[in-house]
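This report concerns only the one structure given below.
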Amino acid sequence: MPVLYNHKEVEEKWRRRWEEVPVNPKDEKKPKYYCLDMFPYPSGSGLHVGHWRGYVISDVWSRYKLLNGYYLIHPMGWDAFGLPAENYAIKNHVHPEISTRKNIENIKRQINQIAALYDWDMEVNTTDPDYYKWTQWIFVKMFENGLAYEKEMPINWCPSCKTGLANEEVVGGKCERCGSEVTKKDLRQWMLKITAYADRLLDDLDKLEWPEKVKKMQTDWIGRSYGAEVEFKVSGSDDVITVYTTRPDTLYGATFMVLAPEHELAKKLATPDHAEEVDAYIKRSASRSSVDRMQDKEKTGVFTGSYAVNPLNGALIPIWLSDYVLIDYGTGAIMCVPAHDDRDFEFAKKFDLPIIQVISPDGVENPDLTEAYVGAGIMINSGSWNGRKSEEMKAEAPHIMEERGLGRKKKNYKFRDWVFSRQRYWGEPIPIVHCDCCGAVAVPEDQLPVLLPEVESYEPTGTGESPLAAIDSWVNTTCPKCGGPAKRETNTMPQWAGSSWYFLRYVDNKNKEALVDRKIADSMLPVDMYIGGVEHAVLHLLYSRFYTKFLYDIGVVGFDEPFHRLFNQGMITGKNGIKMSKSKGNVISPDDLVENYGCDSLRLYELFVGPPELDSEWDERGIDGVYRFLTRLWNLVINGNVVAETSRMEKLRHNMIHDISERLENFSMNTAVSGFMEYTNKMNEVARAEGGIDQATLEAVVTMLAPFAPHIAEEMWEHLGHDKSVFTDNPWPVFDTEKMKEDTIEIALQVNGKLKGTVSVAADAAKDEVIAAAKEALGNKVAGTIVKEIYVPGKIVNIVVKK
RNA sequence: GCCGGCAUGGCGGAAUCGGCAGACGCACGGGACUUAAAAUCCCGGGGGUGGUGACACUCGUGUGGGUUCAAGUCCCACUGCCGGCACCA
C-alpha cells in the first residue's frame, strides 16, 4: 500500500523531533556564519505572506550554510518601541507594554510556523529595560564624546504624529510613517553628530558587498561635493558674504549673488528704497512650507539694493534674495553664474540680469546663449585664466583664492546631523539631567537604565514636550554632579536607537556588565549576510553603520562595519502590484495556507513566485504546483524502489547537484526550486524505465531539498535508512564535472543562422567529424557555395552559404 | 528635471561567455483510471500561411536602426512602467 503524503503528520512529527534534538548544535570549532534578518516590529495585525518571504529566503540560506559545515548564528528579536503600539495605547487605554507583549506572542507563533532555525536563546527586545539600558549607555558615550549635543533650531515636525523627525524620516516633504505634510517648528533638540562620520560612511561603502542601488542611495544621501568658499565684500560696507561653490572656475562669470531669505545679512543689506519689498519677501518665505516652496514652477526673488564686489575683477554685482537658495546648505548664499548654471540662468532671464560666458566648448563666445552650458571647455572672458581648460581651473582656483586670502578649498555634504529627540511616550528616555548649575549632565552608568515611567495619558501633547513632562515626580530629580535640584530630560529616542545595534546584543544578550563582550562580538561579527527590505536604505542601514563605527572608535567592538553582505528581498504584492495592507483589504495570511498545504509547500512557493530580489504578485493558485511536486517526489522516494545505480542515474545525479548548487549559490532560489521539479520529472522518467532510483541519487536530492522543505526532507531521509537528522553531519553533496558528461550530445544545425534541425554526435567528436555529420544531416538544405563553417563545441553548427 | 531598474506566450517566470527563445509552474485542451466526480498519471499547447494528421514555409523577446555567421543578450535612438533624489549652487 502506498503511503500518502500527509503534510500535517509529517510536519508535526518533525517539529517535535527538532525540539528534542536541535539540528543546530553550537559547535564553535567550525567557522561561524552569521545570517541576520531585519527584526520585525511586533504589529497587531500579524504577518502576511510578504513578511514570510524574507524569513524563508534567510532560512534557506542559513540551512544551506549549516549543511556546508558552518556554525550558524541565526537570531531573531523585536523592534518593539514605536508609534503604533503607542497609538493603540491611546485609543484603548492599554499600556503599550501589554499590547506589545501580546503582539510578540502572536507574531512569534506565526514566525514559528515558518520552521526557521532561529535560536530563541539569543532573542532580544528593544523595550526590555535590560536591553535599553545599553541603548541609553551608547547615548551617554556619545554625549561624553561630544557627538550628542543640544540645539534649538527649526526642525521637521509632523503635526499628526506630534513629534520632531530626522531628515531621513521626511520623504518628499511628508512624514515617512503617516504621510502627513511636515512643517517646521523651533525646538530644543538632541542631535547626534553623524556628519562627523560622513567621509567614513561614504568611503567604507567600498568594503561592502551590498546592492549597488543601496550604496548609491547612501552616497547620494550623504551628498559629498568638493569646491571652494569664496568671500565677496559688500560694496560700501565692512560686511563680507561667504559663498560655497563647486565651480570656482566660473568665478569671472558671477554676475549677481543670491542669499537665502533667512540669511543673517538679508535685512541689513536692504537699502532704504528696497527695505519694504525685502521685508515682505522675507515674511512671505517664512510663512510658506518647504513643500510649497519646492513646488514653485517659477523662481521668485527680490533685489536688496546692495552690491558685492567680485574678488577677481572688482566688478560690482547686485545682491538678491531668493528662496531657491537654502539656508541650511553651504553658507546660505551663492554666487550666480547664469551662463553655466541652469537655475542661475533661469533667474537671470526672469529678472533681466547680465549673463557673461566664461567657458566655451571650442573657445569661441556664443553671442546668444539659449541655455546654460554646464560642461567643460576653454576659459574665456576670465582675465589671466583665458585659454586654460576649465577643469584645470576648477582644481586650481581654490588655491589661487587661498593665496590671496579670498577663500579656501571646501568640502560639503548634503546630509545633516541626526535629530534624535521625539516628543512621544513609547521610547527610551534620553538619559540626561538638566541642572541649573551644571547644565546637561549624563545619568551615571550605575543609574542606568532610566526607566520609562508609568503615565496617566500617553497622548502626545503637541506642544513640543513629551507626555513624560507631565509627571512631576519623575521629572524632578537631583543633579548627579552637584546634588542640587534638577530636571530630567523628557524627550525619548527615535525607534532607530534600539535597532542601530541589536545585532551586537544577540550574541551576548544576557551580559549584565557590558553591551557585549568584546571577544564574543569579535568572534561572531560582523554579520555575514543581512536580509531585509530596501526601505531602510538610508535609515536603519545608515544609522547602524554610524553606531558601529562609533562603538569601534571607543573600543567596544573590533570592526567598523556591521553588515558585510546585504540582500534586499522584493515585496510580495496583491493583485496588480498593490502593496498588501489592511486598509486595502488585500492581505493574505499564511495561517490558512499552512493549514491546507503545509509549511514546506508554502516555503517553496514563496521562493517559486519569482526572483527573490524582485517584487512579485501573489497568485494563490500557483501553490498547487509546488504541493504536487512534493507529492511526486514523496511517491518517488517513499513509495518507489531503491535500485542499483546505473550510469544514467549517476550522470543525472551529478548534473542535478551541479545545477541546484549553482542556482542556490547565486541566490536564484526560484530557479533552484524549478530545478528540483525538473530533476524530479527526470528521475520519474528514469524510474519508469529502470524500475527505481539508486540510493545515492535519492540521498542527494533529499539533502539539497532540506534547506527548502525541511520537514518532508527529514521524513524522506529517515525513510532512506538514517537515524540522525538530515542536517546533522550530512554535508551538502558534491558533483564531479567528469561524471556529468553525456556520451552523445545533440548539436543544433543552422544554415545562415537559421535553425534547420539537430544531429546527435559523440561527445568527444572533433570539429571535422561534427561538420561532416551536420552536412549529412542537413542534406540538400545546404544549397549554394559554402563560405564558412562554424562549430561551437557542444552547441551549434552554422553553415554559411552564398547562393 | 536628474539618477537607477525593468519590458519575453493567456499568466508567473526561464535562458553562465552572444549559440536550438519560452525551462519550471499556473491556467487550458486531450487521453488513462472511475458508474461518475475529485485526486492521480500520461500527452499537447508562441503567432501566421499553406497542406491530408504527425509536414513545409514564415514572423516572433516594448519600438526603430546597427554590429555579427549568429542578438532576448552587445551598440545607438526612442516609448512605456516602477523606484530613488528633487532648486544641495
Side-chain angles (χ1 to χ4, degrees), chain A residues 2 4 171-173 211-214 216-217 219-221 223-225 227 243-247 250 254 257-258 260 290 293-296 299 322-326 328-337 340-344 346-347 374 412-416 534-535 537-538 577 604-605 608-611 613-626 628-629 631-632 635 659 662-663 666 668 670-681 684-685 688 746-758 787-801:
Chain A
L4 295 180
V171 179
E212 287 307 315
K213 180 185 171 180
V214 176
K216 191 165 182 312
M217 279 169 73
T219 304
D220 290 349
W221 184 260
R224 180 166 62 193
S225 68
V243 303
Y244 172 70
T245 178
T246 56
R247 294 296 303 274
T250 63
M257 288 182 94
V258 178
S290 57
R293 279 165 69 161
M294 260 178 351
Q295 278 165 351
D296 278 348
K299 298 224 177 324
S322 174
D323 63 10
Y324 85 88
V325 175
L326 308 173
D328 53 1
Y329 181 77
T331 62
I334 59 170
M335 66 172 207
C336 295
V337 186
H340 304 292
D341 181 278
D342 292 326
R343 297 149 302 184
D344 298 348
E346 195 193 321
F347 196 83
V374 297
N412 249 323
Y413 305 92
K414 285 189 197 174
F415 86 148
R416 305 292 131 75
V534 75
E535 65 274 15
V538 289
L604 284 177
Y605 188 56
F608 191 61
V609 275
E613 69 279 9
L614 299 183
D615 291 353
S616 298
E617 267 181 43
W618 186 259
D619 179 359
E620 196 138 341
R621 289 172 303 184
I623 194 168
D624 285 314
V626 294
R628 283 176 202 146
F629 151 69
T631 308
R632 276 199 299 277
N635 287 332
D659 288 358
E662 189 178 65
R663 291 173 193 188
N666 292 335
S668 179
N670 54 325
T671 59
V673 174
S674 72
F676 283 115
M677 295 173 170
E678 215 177 310
Y679 279 99
T680 299
N681 294 344
N684 262 321
E685 207 176 293
R688 273 199 300 279
E746 205 178 59
I747 302 289
L749 303 178
Q750 295 183 338
V751 176
N752 288 347
K754 300 218 162 160
L755 186 72
K756 295 291 172 187
T758 58
V787 204
K788 209 170 182 184
E789 291 162 344
I790 291 150
Y791 175 49
V792 182
K795 297 245 157 123
I796 208 161
V797 168
N798 189 13
I799 312 270
V800 186
V801 295

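Letters A, B, ... mirror the listed sequences (proteins, then strands); counts begin at 1. We use all heavy atoms of the structure for the numbers below, so side chains are in, but hydrogens, waters and symmetry mates are not.
Stretches of at least 3 consecutive Watson-Crick or G-U wobble pairs, with each checked distance under 3.5 Å, appear in RNA chain B as B:1-7 with B:79-85, B:10-12 with B:24-26, B:28-32 with B:40-44, B:46-50 with B:55-59, B:62-66 with B:74-78.
Comparing B:C87, B:C24, B:C3 by their nearest atom to the side chain of A:Glu678 picks out B:C24. Taking only side-chain atoms of A:Thr246, from C-beta outward, the nucleotide of B:A27, B:A89, B:C85 with the closest atom is B:A89.
From A:Thr680, atom OG1 reaches atom CG of A:Asn635 across 11.0 Å, with rounding to the nearest 0.5 Å. Atom CD of A:Glu613 and atom OG of A:Ser668 lie 7.5 Å apart (nearest 0.5 Å). If you take CG on A:Leu604 and CE on A:Met677, they are separated by 7.0 Å, rounding to the nearest 0.5 Å. How far CG of A:Asn798 is from CD of A:Glu789: 10.5 Å, rounded to the nearest 0.5 Å. Remark: A:Arg632 CZ to A:Asn681 CG distance equals 5.0 Å, nearest 0.5 Å. The distance from the CG atom of A:Leu749 to the CG atom of A:Leu755 is 7.5 Å, given to the nearest 0.5 Å.
Remark: the separation of the P atoms in B:C82 and B:C41 is 41 Å, to the nearest Å. Of the P atoms belonging to B:A39 and B:G29, the separation is 13 Å, rounded to the nearest Å. Here the separation of B:C17 from B:U73, taken at their C1' atoms, is 11 Å to the nearest Å. Comparing B:A77 with B:G48, their C1' atoms are spaced 30 Å from each other, to the whole Å. Here the separation of B:G80 from B:C69, taken at their P atoms, is 35 Å to the nearest Å. Of the P atoms belonging to B:C24 and B:G44, the separation is 11 Å, rounded to the nearest Å. Comparing the C1' positions of B:G25 and B:G83 gives an interatomic distance of 28 Å, to the nearest angstrom. With P as the reference atom, B:G31 and B:A36 are 13 Å apart, rounded to whole Å.
Salt-bridge formation is not detected for the pair A:Asp341/A:Arg247: no Lys NZ or Arg NE/NH1/NH2 atom is positioned less than 4.0 Å from an Asp or Glu carboxylate oxygen.
Atom CZ in A:Arg663 sits about 13 Å away from atom P in B:A23, given to the nearest Å. Distance NZ (A:Lys216) to C1' (B:A86): 12 Å, rounded to an integer number of Å. One interatomic measurement links the two molecules: CG of A:Asp342 to P of B:C2, which rounds to 9 Å at whole-angstrom precision. Nucleotide B:G25 holds its P atom 14 Å from the CZ atom of A:Phe676, rounded to whole Å. Nucleotide B:A86 holds its C1' atom 11 Å from the CH2 atom of A:Trp221, rounded to whole Å. When the P atom of B:G1 is taken as reference, atom CD of A:Glu346 falls 13 Å away, rounded to whole Å. Atom OH of A:Tyr605 is separated from atom C1' of B:C24 by 13 Å (rounded to the nearest Å). The interatomic distance linking A:Trp618 (CH2) with B:C26 (P) rounds to 15 Å, in whole Å.
In this structure, B:G9 shows a glycosidic angle within 90 degrees of zero, which is the syn conformation. Applying the 90° cutoff around 0 to the glycosidic angle, B:G10 is assigned anti. Glycosidic conformation of B:C69 is anti; the angle lies outside 90° of 0.
Counting all heavy atoms, side chain and backbone alike, A:Gly330 lies closest to A:Tyr244 at CA-CB, 4.2 Å. Pairing each heavy atom of A:Met217 with each of A:Ala537, the nearest pair is CE-CB, 3.6 Å.
Between A:Phe629 and A:Phe676, the ring planes lie tilted relative to each other; the angle falls in the 30° to 60° range. Between A:Phe608 and A:Tyr605, the ring planes are tilted. Angles from 30° to 60° get that label.
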Would you tabulate the nitrogen or oxygen pairs shorter than 3.5 Å linking the protein to nucleotides 13-20 of chain B?
residue : atom : partner  : partner atom : Å
B:A14   : OP1  : A:Asn670 : ND2          : 3.0
B:U16   : N3   : A:Glu662 : OE1          : 3.3
B:G19   : N2   : A:Gln750 : OE1          : 3.4
B:C20   : N4   : A:Glu746 : OE1          : 3.3

Distances under 3.5 Å between protein N/O atoms and the N/O atoms of nucleotides 41-49 of chain B, please, pair by pair.
residue : atom : partner  : partner atom : Å
B:C42   : OP1  : A:Arg688 : NH1          : 3.2

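Side-chain contact between A:Gln750 and A:Ile790 is absent, with no heavy atoms from C-beta onward closer than 4.5 Å. A:Cys336 has its side chain out of reach of A:Phe347: every pair of non-hydrogen atoms, C-beta onward, lies at least 4.5 Å apart.
If A:Asn412 and A:Lys788 are placed on RNA chain B by their nearest nucleotide, the residue sitting closer to the 5' end is A:Lys788. The nearest heavy atom of RNA chain B to A:Phe415 and to A:Val534 marks one nucleotide each, and the one closer to the 5' end goes with A:Val534.
Residue contacts for A:Lys213: at a heavy-atom cut-off of 4.0 Å it reaches the sugar-phosphate backbone alone, with no base atom in range.
Checked by atom type, the side-chain pair A:Asp344/A:Tyr324 shows a donor-acceptor distance below 3.5 Å.
Contact between the side-chain N/O atoms of A:Tyr329 and the OP1/OP2 oxygens of B:A89 is found at a separation under 4.0 Å.
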